[in-house]
Amino acid sequence: MLDIQLLRKDLTAVAVKLASRGVTLDTARIEQLEAERKAIQVSTQDFQARRNQLSKQIGQARGKSEDASTLLAEVASLGDDLKAGEARLAGIQEDLSALLMTIPNLPHESVPVGRGEQDNLEVRRIGTPRAFPLPALDHVEIGENLDLLDFPTAVKITTSRFVLIRGALAHLHRALAQFMLDTHTREHGYQEVYVPYLVNADSMRGTGQLPKFEEDLFKLTNGMYLIPTAEVPVTNIVRGEIIPAENLPIKLVAHTPCFRSEAGSYGRDTRGMIRQHQFDKVEMVQFVRPEDSYDALEELTSHAEAILRKLDLPYRVVALCSGDLGFSAAKTYDLEVWLPGQNTYREISSCSNFEAFQARRMQARYRTEKDGKPGKPELIHTLNGSGLAVGRTLVAVLENYQNADGSVTIPEVLRPYMNGASAISRE
RNA sequence: GGAGAGAUGGCAGAGUGGUCGAAUGCGCCGGAUUCGAAAUCCGGUUUACAGCUUGCUGUAACGGGGGUUCGAAUCCCCCUCUCUCCGCCA
């Protein structure tokens, strides 16, 4: 959610920035609603002040057992105007906030301007794709040849876009998540958290999935939602809280399954594990002081990169352009891993600074200090990033570590998690 | 699932129709006292929004929503959550 003050003060500048995201702001409607709001709020508050004053006098008169009938008559005359004003004001406030909830965040000044994916800016490229003597297989062939990746059975159990993983590959999948959590907790200073996978609508609104993107979510019959990312439960930990300044930054990491309906992605990535209704992800979340959030974004991104480096997977870092940014993000770096089977880089992590956008929706604040004295509560900045998407990391390991004999070498750093095994072969 | 109790400020906890944004205690901040500290004493200490002379004034908020009333923390209805007992259960 944007700051309503900013819209009042500089609506044109907001509209210009949003235009760079490809979003047209209905400035005329906002101006009109604001003008109405102001007029009605002032008059309504005047009515309320008068009513409160008269009511107080009635109470005093009653206390002295005096006649209050003239006061009662006057307050009665306020009645209809007051009620009508209150109702109109509530209606307009509702319209305004509903509108505000659907406006995306403003891009940071460092975000490249562009329309879509093709305008994203490659920031750096790390590692060299390995040369394969024969055309590299994709993870589906590798996994099915090993008899450890089973899509047809998953379809039988549920529907498409699910997978069944067996044996050493399931173990490798678990090892990856463990390795990521251990790295972030031991080397990067994150506290591990275990969180609910079902959340309420308030939490979904807090991080920005609702009200605009309900069709991307799985909703249960009791009104709860399956989380599309650990970002939702983890970030909402601080919803409605005022955090002592000395507790910042707070750095949390969680390993959760993620559920996405993938509505509207029919035909895209239908093969393999790239786009699934259910996948595991290790997610890092940071709560920081506003002045620290852009340093924190670089740091967070480097934490996600550390996993790819340790796994020795070639990747590149891409700064999303204004037109490709997610709804709540002010700036995002995508990490794209090299997939030999697709002969391309594919997204494996997304690291974003949301500035105060989510914090304002959640009313997540921290207590500032002025010369050692407690000051006013101010909105924190929130960040998060995948560190990493576990399913896609498994894909990347399979494809990058495949051998000509059909086996897959286990990356060094994962071997302690795999009982020391160095490769996965057909059992 | 059944029966009952409850939800008030950072915390504890009063308040059952009016001068209550809310007693009191704890905590926190400032000051006095002290060589310094503890103890003691004095003062301060919620948030959001609006208006304008930016410091004041006003409005709203006692789990959430609705209602009764000139006036609701207080009365009525609905919802959510918490606790206790019983049942069931990984």
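Computed from a prediction, not measured in an experiment: that's the story for all the values here. Both backbone and side-chain heavy atoms feed into the values below; hydrogens, waters and symmetry mates do not. Order of the sequence lines sets the chain letters (A, B, ...), proteins ahead of strands, with each chain counted from 1.
The distance between the ring centers of A:His171 and A:Tyr417 does not fall below 6.0 angstrom. With ring centers used as reference points, A:Phe327 lies under 6.0 Å from A:Phe213.
The phosphate of B:U47 has neither OP1 nor OP2 within less than 4.0 Å of any side-chain N or O from A:Arg365.
Side-chain contact of A:Arg29 with A:Gln32: a donor-acceptor pair under 3.5 Å is absent, judged by distance alone.
A 3.5 Å limit on both hydrogen-bonding distances identifies B:U59 as the Watson-Crick or G-U partner of B:A48. Pairing partner, B:C35: none, since no Watson-Crick or wobble contact has both distances short of 3.5 Å. With both pairing distances under 3.5 Å, B:U24 is matched to B:A12 as a Watson-Crick or G-U wobble pair. The partner of B:G30 is B:C42, judged by Watson-Crick or G-U wobble contacts that both fall below 3.5 Å. B:U74: no Watson-Crick or G-U partner with both key distances under 3.5 Å is found in any strand. Pair check for B:U69 finds none; no Watson-Crick or G-U wobble contact set falls under 3.5 Å. Within the shown strands, nothing qualifies as a pairing partner of B:C88 under the Watson-Crick or G-U definition with both distances less than 3.5 Å.
Between A:Glu262 and A:Arg260 there is no salt bridge, since no side-chain N of the basic residue sits under 4.0 Å from a carboxylate O of the acidic one. Salt bridge present: A:Glu299 and A:Lys251 bring a charged side-chain N and a carboxylate O closer than 4.0 Å.
The two residues A:His173 and A:Gly391 make their nearest non-hydrogen contact at NE2-N, 4.2 Å.
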In 5'-to-3' order, the base (B), backbone-only (S) or no-contact (-) status of each nucleotide in nucleotides 58-72 of chain B, using a 4.0 angstrom heavy-atom cut-off, is BSS---------BS-
